[in-house]
Structures are given as C-alpha cells and as structure tokens.
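The structure appears right after this line, and notes come after that.
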2 protein chains.
Amino acid sequence: MKHESFNESVEMYLKTVSELAAGNDLAPISALAERLGVSTVSATEMVHRLCEKGLLDHTPYKGVALTEDGRRRAQRVIRRHRLWECFLVDFLNLPWEKVHDYACRLEHATDTAVTEALAAFLNHPQTCPHGNPIPSAVGDVAAANDTPLGDLQPGDHGAISRIYPESLLLLDYLAARGILPGQPVEFEEIAPFNGPLMIKIGGETHALGQEIAAHIFMELTDDTH
Amino acid sequence: MKHESFNESVEMYLKTVSELAAGNDLAPISALAERLGVSTVSATEMVHRLCEKGLLDHTPYKGVALTEDGRRRAQRVIRRHRLWECFLVDFLNLPWEKVHDYACRLEHATDTAVTEALAAFLNHPQTCPHGNPIPSAVGDVAAANDTPLGDLQPGDHGAISRIYPESLLLLDYLAARGILPGQPVEFEEIAPFNGPLMIKIGGETHALGQEIAAHIFMELTDDTH
DNA sequence: GTTTATTATAAGGCTTACCTAAAAATTTAA
DNA sequence: TTAAATTTTTAGGTAAGCCTTATAATAAAC
Ligand SMILES: [Mn+2]
Ligand SMILES: [Mn+2]
Ligand SMILES: [Mn+2]
Ligand SMILES: [Mn+2]
C-alpha cells in the first residue's frame, strides 16, 4: 500500500515543529519528543530524516526549524485540520473540545480536492472553533496580534481570541469552565510566588495556573484614552 | 504515534476480502493480492497474521473468508466509506467517479463518533452514490436482490441499481458514458464468441465487455404478466 | 496417471518508525 | 573553571508491511 503522500508521522512532526517554533525561535528536539510522545532518540532520528528531505533545519544543541518547504507542508496540514474542526462543530454538532482529536486523524487522509471543496462548502472560514487562523490554500497565515493571558498584568481586560496550542486535556478543562473564544476577560490579580492568575471570565472568577494561561490568547481592550 | 485502531492495511485487507467473497464463497489469496497491488507472498503473510488475530479463516488452496469479527470490522469500514461518499457528492459536489478514492482514505481515519454524527447529518442514507447499501452501525447490510448485467439475456430490461465492486478506472469509464444507477437498460444482443454485450442505456447503445458487465447490477422489470 | 498450473512456504532483505541503555559532546550554572 | 544538566550519538533491537527468488505441495487438466 504505497500511500506516499499520506504519511501521518512526518506530517505530525512538521505540525508540531510549527507549533513549538511559533514565534520564529527554534524548537528543541526534547520538546518535540515530549509533545509527540516518543523518545528523544526517536525524535532525533526522525529530525535527521526530515533534514535530509529538506523539510527541517537542525542547529545542534539549539533546536529545529521548518524550511520554507516544510513550513508550507505544515500549513497545509493545519489548514485541513482546522477546516475539519469547523465542519465537525458547525455541521455534525460534535463537542468543541473533542473535534481537535477527530480532526487530527482526518487531516492526514484528506485529498487537496476534498480540502478545497470543504473550504468552499464552509464558506471559507477564517478561524477554527478554537479561534486559530486557517491558513490559505497556498500556506499563508494571518499574523495574530493577540497576547497570551500569562503576559498580562492585573487590571488588563479584553476578550479571549484563541486557545493555542490545542490539546484534548486543555480543551476539556476549558470547556468544562466555559472558557471559550469570545468570552470577556478581566485580569484581577496574580497570587504571589508564581501562583495562579485570578481571572474573571464571563462573570465567574477562575484561578488559572501559569501553564494554562500561556495557552489562552486575548485581544486587549485598550482603555488608555 | 500509537494509532492502534487506525490500521489502513488491515482494514483494506478485510474490506477486499468482503468484496471478493461477496456471495459467501472463498476469496483466493491471489485475487486479494492482485486487488491490493501486493505480491502473493505478502498477501499470504498478512492473511496469516489476520488469521491469528481471529479476523480471517484460511482454507489452504481454496481461499480466505471473514470470521464474524472480521465481517463486522469490514462492514464498519464500508459504512464509513459509503457515508463519506454521500457527503462528498451531495455536499461538496465532488465528481461521482472520484469520491470512491477520496473516501478510501477517509474511511481509515474516522472515529465512530464522527461516523454516527455524519450519518445523522446525511439523514441516514441507504445507499452510496454508486448504489451500494450502507451497512448499519452494528454491521448489518440489506441483502441485494439485483442481477449482474452479465447474467442477463437479450430482451431483458430494467434499471441499473448499482456498480460493484467499485474502482476509479471503472467509474471513470462509466461516468464518461452516463452509465449510472437509475438509468433504464435494455439488453439488445450479445455478440458471438464471448463478444461484447450490446446494451441500450438511457437511449444510447453501448458495447460492454463481459468483465465490465459483471460490475453493473440491475433491477429487472418483470413483464411476464 | 502423469503433466501442468496454481498455491503455499522458505529464505533472505528492505524501510519506516519506534524502543532501551550507554557513552560522548556541548551548553549552562555554580 | 569545574561540575551539572542537557543534547546528541552509538549500538543493538523490535514489529509491520512490503519485496524477490526458489522450492514444495496440491489441484486441475489432459
Ligand atoms: Mn494528526
Ligand atoms: Mn482548533
Ligand atoms: Mn481505504
Ligand atoms: Mn460507492
């Protein structure tokens, strides 16, 4: 069964590098390995293979980056992923927090013709249900100008723009608490000694750990006028 | 990446055995190998593995059959396949003759929750766009009572009920000639020496080889009254 | 009943993607 | 600048799915 173009592992590596290296720095192989649930030796091997194929650049002891070719390939997978998420939520009424995992399988089995027909059917949505931008068919992505909740200061307020990177565990946690894109947010205070952030979201105050706060992005309401 | 349940090769073997053994006889390993595009040695190896897993029964020198477990697994894949075909044709407006191949990838990457939500969204269709019945969620299939075109006699007439088994080459050929389910058919004559069948379909007469005729199923109009 | 064709097995190999354990190289922190 | 932590490499293995060539077993045809 020679399904050349259908290589789940390669696509997941590229997608994960794209996530970890968001912000144009290098993705450490150790982080890659952890995210993908493989040993660092395995990840290193795969990184070497992908470097030979011209999809990654590896700077030893620093980390890996996508080449232009690798970036395009990653964006195409991400496009399929997010389009499927839209379909699964908007038409199949599947739960917001579950569709990420369903789409993570479909994304590797979707022909370009199907992807583009799906995009047209969905009327070319701009973001996935979790707020992340859907790359164009040629792999361009709109630059985000939002801020991680973890970078804000008490007193700041705005609205949740997106959850990134996504994972079932995180989405489940957030869904259970109604912490979704669009919700208004007020940063109340930060507990001392690197404690949790006290955040009022949709009327209720939540204590969020720093790690979770790093995954919640906000569009600030600027009231310095 | 331990995607256990997502084993394309195994699923394709089971599906192919189901197709070849339609009519409760045994599927020869040689036919399996040919259909899957692998060597007979490879197919034999895989058949052994699937026998050990309790999915197939192998009668040496005769062929293989699905066990009850294997049959259910195959029907579940076929259900996903045909549901996707419906979606691709009816909602994404993709070509009738191409969706078989697109669905052949998606069928291995579709969670049960997605499958059932899709079935509900499509309003539980009974057949795929090529006329083949969609198994129920528990793996039951409606018994067909149609006849291959190749088994008919000159003078018989009726309508095309389905194309089976499906393949891109065959569907492309038929689509180009408007030979689709629902079309009225009149069997005019059969050329001597195992020659082609002369068939009037939707007003036009086509010369169909015996092999193609074996893939076109008809519901006869009984006019012995 | 012997020949021929089909089917099965044996033997040896390949690639991808994973694993563990141990050693070496490099960076970072004390 | 030395010690500690991180990162990489080496070595040896596994399993799934493929491959070819060659031989053995069985079934079908003559
Ligand atoms: Mn995936
Ligand atoms: Mn998403
Ligand atoms: Mn398939
Ligand atoms: Mn079909």
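By convention in this document, chain letters (A, B, ...) are assigned in the order of the sequence lines, proteins followed by strands, and residues within each chain are numbered from 1.
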| field | Contacts of Phe91(B) that satisfy side-chain contact (heavy atoms from CB on, under 4.5 Å) - sequence neighbours left out | value | Phe121(A), Phe87(B), Phe121(B), Leu122(B)
| query | Can you list every pair that meets salt bridge (Lys or Arg N to Asp or Glu O under 4.0 Å) and has a residue in residues 160-176 of chain A, with sequence neighbours left out? | reply | Lys98(A)-Asp172(A), Asp146(A)-Arg162(A)
Atom pairs, protein N/O to nucleotides 25-30 of chain D N/O, distance under 3.5 Å:
unit_1, atom_1, unit_2, atom_2, d
dA25(D), N3, Tyr61(B), OH, 3.3

What's the closest nucleotide to the side chain of [X] if the choices are [options]?
X	options	value
Pro28(B)	dT9(D), dA17(C), dT7(C)	dT7(C)
Ser42(A)	dT20(D), dC18(D), dC18(C)	dC18(C)
Val38(B)	dT16(C), dC18(D), dA8(C)	dC18(D)
Ser30(A)	dA10(C), dT7(D), dC19(C)	dT7(D)

Any side-chain N or O of [X] below 4.0 angstrom from OP1/OP2 of [N]?
X	N	result
Tyr13(A)	dC18(C)	yes
Ser9(A)	dC18(C)	yes
His58(B)	dT7(C)	no

[N] [atom2] sits how many Å from [X] [atom1], rounded?
X	N	atom1	atom2	answer
Ile29(A)	dT26(C)	CD1	P	15 Å
Glu34(B)	dT6(C)	CD	P	13 Å
Leu26(A)	dT7(D)	CG	C1'	14 Å
Lys53(B)	dG17(D)	NZ	C1'	11 Å
Arg49(A)	dT15(C)	CZ	P	12 Å
Asn7(B)	dA17(C)	CG	P	15 Å
Glu8(B)	dC18(D)	CD	P	9 Å
Leu50(A)	dC18(C)	CG	P	10 Å

| field | Partners passing salt bridge (charged side-chain N to carboxylate O under 4.0 Å, His left out) against Glu19(B) (at least two apart in sequence or in another chain) | value |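 Only Arg35(B) meet the salt bridge (charged side-chain N to carboxylate O under 4.0 Å, His left out) criterion with Glu19(B).
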| remark: Residues passing the salt bridge (charged side-chain N to carboxylate O under 4.0 Å, His left out) test with Arg82(B), sequence neighbours excluded, are none
Counting only pairs under 3.5 Å, give me each side-chain donor-acceptor contact of residues 40-57 of chain A, with atom names and distances, residues two or more places apart or in other chains.
unit_1, atom_1, unit_2, atom_2, d
Ser42(A), OG, Ser39(A), OG, 3.0
Thr44(A), OG1, Thr40(A), O, 2.7

| In chain order, what residues pass the side chain to side chain donor-acceptor pair (under 3.5 Å) check against Glu116(B), with sequence neighbours excluded? | Arg79(B)
| request: If a pair satisfies ring pair (Phe, Tyr, Trp, His ring centres under 6.0 Å) and one of its residues is in residues 130-149 of chain A, list it, with sequence neighbours excluded. | output: Trp96(A)-His130(A)
| task | By nearest nucleotide on DNA chain C, pick out whichever of His48(B) and Val41(A) is the more 5' one. | result |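 With His48(B) and Val41(A) compared, the 5'-side residue is His48(B).
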| query | Out of Arg80(A), Arg73(A), His81(A), which residue meets the side-chain hydrogen bond (donor to acceptor under 3.5 Å, both in side chains) rule with Glu11(A)? | reply |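 Only match with Glu11(A) under side-chain hydrogen bond (donor to acceptor under 3.5 Å, both in side chains): Arg80(A).
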| query | Taking for each residue the nucleotide of DNA chain D bearing the nearest heavy atom, is the 5' side occupied by Met46(B) or by Glu45(A)? | reply | Glu45(A)
| said: Check whether Thr59(B) reaches the backbone of Lys62(B) with its side chain - one donor and one acceptor, N or O, closer than 3.5 Å. | reply: no
| Those residues of residues 70-77 of chain B lying under 4.0 Å from DNA chain C by at least one heavy atom |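 None - not one residue of the stretch has a heavy atom sitting under 4.0 Å from the strand.
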| said: Cation-pi check for Tyr102(A) against Arg105(A): NZ or CZ below 6.0 Å from the six-membered ring centre and within 45 degrees of the axis, yes or no? | reply: no
